[in-house]
Amino acid sequence: MAGTAFLGGAFDPVHRGHLRLAHAVKERLNLESVEFIPNAAPPHKHGSHLPYETRVALLKLALENEPYLHVNTLERDNSHPHYTYETLRLLREEKGPDTPLFFVIGLDSLLALDTWYHGLELTSLAHLVVLGRPGYSLDDASETMRDYLKDRLIFSHEGDFDKALATPAGHCLYVEGEAEDVSSSELRARILNYYASKDSAALDYLHTHLPEEVCATILSSHLYANDLL
């Protein structure tokens, strides 16, 4: 399918869970590519632990041998917050009105979508690809979100799912299964633990969850060491 999925976030740092998620979305939706959009100034976070340029460099390292996964630097300007609505608006202008666009979010984000900047208008620009998250359920949706999802939510096992994929936007496409619960904050804690104690268990954890080149670069360059100060 001539469509692209977009995965936004701080990627601080990028980990194997991000890559597995991108592959799963590409394969289930039969897309031509997935683009990672690192955020220079996330609206819901108080800065990042690594500079934007460093996070982008690590992302590019992680994707070196991934021909269908790419880095998109649309949110590189750190002078203002980047809201998903504005990013999707720019992507829609770039890709044209007829190209299917897909923005990947977790169920936790979907349940809070009515609190986002123009959150309930996102589906006018793209499909939302929704993945379950541990501890969250559609049963927890507010009345506002229940009304919103009534005519938009389609599950991947339903007959209309593949038909919806051929349209440019408008649906919340729920892909069964849960996104892997790999935490960037836990990875940063393990990095600091390794710096402080050279703990072998921490090193094993990092090798398990970080792409090999990313792990090597972080440790050799002593990235995140400032968090110890």
Side-chain angles (χ1 to χ4, degrees), residues 3-42 45 47-76 78 82 87 102-106 108-109 129-134 175 177-228:
T4 302
F6 300 92
L7 182 60
F11 304 110
D12 195 18
V14 60
H15 52 67
R16 293 185 191 273
H18 293 132
L19 304 188
R20 284 190 285 263
L21 172 58
H23 280 292
V25 168
K26 181 189 178 298
E27 291 172 11
R28 177 59 189 89
L29 275 59
N30 193 28
L31 302 175
E32 61 183 3
S33 64
V34 177
E35 296 186 8
F36 290 74
I37 306 180
N39 196 318
K45 295 184 178 181
S48 299
H49 294 259
L50 290 183
Y52 176 80
E53 294 78 8
T54 306
R55 290 182 282 123
V56 168
L58 292 177
L59 255 177
K60 289 181 176 179
L61 270 180
L63 304 184
E64 269 186 342
N65 298 311
E66 301 282 358
Y68 304 107
L69 308 183
H70 310 288
V71 180
N72 184 317
T73 57
L74 185 60
E75 296 184 350
R76 61 186 173 276
N78 66 3
H82 292 277
T87 296
F102 304 88
F103 190 80
V104 182
I105 63 173
D108 53 333
S109 295
V129 180
V130 184
L131 297 115
R133 292 295 301 271
V175 178
E178 292 186 341
E180 295 187 56
D181 196 22
V182 181
S183 165
S184 291
S185 59
E186 175 65 19
L187 282 165
R188 293 192 298 269
R190 299 288 184 128
I191 291 167
L192 296 183
N193 187 4
Y194 177 71
Y195 288 158
S197 64
K198 295 297 184 288
D199 179 55
S200 60
L203 185 60
D204 289 344
Y205 186 91
L206 297 177
H207 282 305
T208 298
H209 294 292
L210 290 172
E212 182 178 347
E213 300 83 356
V214 172
C215 185
T217 299
I218 287 174
L219 298 183
S220 65
S221 301
H222 224 57
L223 300 180
Y224 296 104
N226 287 341
D227 290 0
L228 288 168

**Study point:** Pairing residues for Arg28 by the side-chain hydrogen bond (donor to acceptor under 3.5 Å, both in side chains) criterion, not counting sequence neighbours
**Key:** none
Practice item. Compare all side-chain heavy atoms of Lys26 with those of Ser33 and state whether any distance is below 4.5 angstrom. Key: no
Exercise for review: Quick one: pull up CD1 in Ile105 and CZ in Arg133 and give me the separation to the nearest 0.5 Å.
Suggested key: 11.0 Å
Review point. What is the distance from atom SG of Cys215 to atom NE2 of His15, rounded to the nearest 0.5 Å?
Key: 13.5 Å
Review point. Partners of Ser197 by side-chain hydrogen bond (donor to acceptor under 3.5 Å, both in side chains), sequence neighbours excluded?
Key: Asn193
**Study point:** Between CD1 on residue Ile191 and CD1 on residue Ile218, distance to nearest 0.5 Å
**Key:** 4.5 Å
Review point. OG1 of Thr4 to CG of Leu29: how many Å apart, nearest 0.5 Å?
Key: 11.0 Å
Exercise for review: Apply side-chain contact (heavy atoms from CB on, under 4.5 Å) to Leu131 and Val104, showing your working.
Suggested key: CA-CA 8 Å; Leu131 297 115; Val104 182; 3.2 Å; yes
Review point. Given the rule in the side chain to side chain donor-acceptor pair (under 3.5 Å) test, do Glu75 and Thr87 qualify, once you have shown the distances and angles that lead to the verdict?
Key: CA-CA 8 Å; Glu75 296 184 350; Thr87 296; 2.5 Å; yes
Review point. Is there a side-chain contact between Val182 and Leu187, using heavy atoms and a 4.5 Å cut-off?
Key: yes
Review point. So, does Ser48 use its side chain to make a donor-acceptor pair with the main chain of Leu50 at under 3.5 Å?
Key: no
Revision key, fill the gap. Value for CZ (Arg55) from CZ (Phe36), rounded to nearest 0.5 Å, stands at 14.0 Å
Check your understanding: Less than 4.5 Å apart, any side-chain heavy atom of Leu219 and any of Leu206?
Key -> yes
Practice item. Mind telling me whether His49 and Tyr224 have parallel, tilted or perpendicular rings, with 30° and 60° as the class edges? Key: tilted
Review point. Is there a side-chain contact between Arg76 and Glu53 (heavy atoms, below 4.5 Å)?
Key: no
Practice item. Test Phe103 against Val129 for side-chain contact (heavy atoms from CB on, under 4.5 Å), laying out the working first. Key: CA-CA 6 Å; Phe103 190 80; Val129 180; over 6 Å; no
Check your understanding: With distance as the sole criterion, is a donor-acceptor pair present between the side chains of His207 and Glu212 under 3.5 Å?
Key -> no
Point to revise | Nearest atoms (heavy-atom pairs only) where Pro211 meets Val14 | key: CD-O, 4.0 Å
Check your understanding: Between atom CD1 of Ile37 and atom CZ of Phe11, what is the distance when rounded to the nearest 0.5 Å?
Key -> 8.5 Å
Check your understanding: Which pair of non-hydrogen atoms, one from Leu7 and one from His18, has the smallest distance, and what is that distance?
Key -> CD2-O, 4.1 Å
Check your understanding: With a 4.5 Å heavy-atom cut-off, do Phe102 and Leu31 have their side chains touching?
Key -> yes
Review point. Relative to the ring of Tyr205, is the ring of His209 parallel (under 30°), tilted (30 to 60°) or perpendicular (over 60°)?
Key: tilted
Review point. So, do His222 and Tyr195 have ring centers that fall under 6.0 Å from each other?
Key: yes
Review point. Below 4.5 Å, heavy atoms only, C-beta onward: do Asp12 and Arg188 meet side chain to side chain?
Key: yes
Check your understanding: Which heavy-atom pair separates Val56 from Pro38 by the least distance, and what is that distance?
Key -> CG2-CG, 3.8 Å
**Study point:** Shortest non-hydrogen contact between Thr217 and Ser220, atoms and distance
**Key:** O-OG, 3.3 Å
Point to revise | Side-chain heavy atoms of Leu210 within contact of Pro13, under 4.5 Å | key: yes
Practice item. Could you tell me whether Glu186 and Arg190 have a side-chain N and a carboxylate O separated by less than 4.0 Å? Key: yes
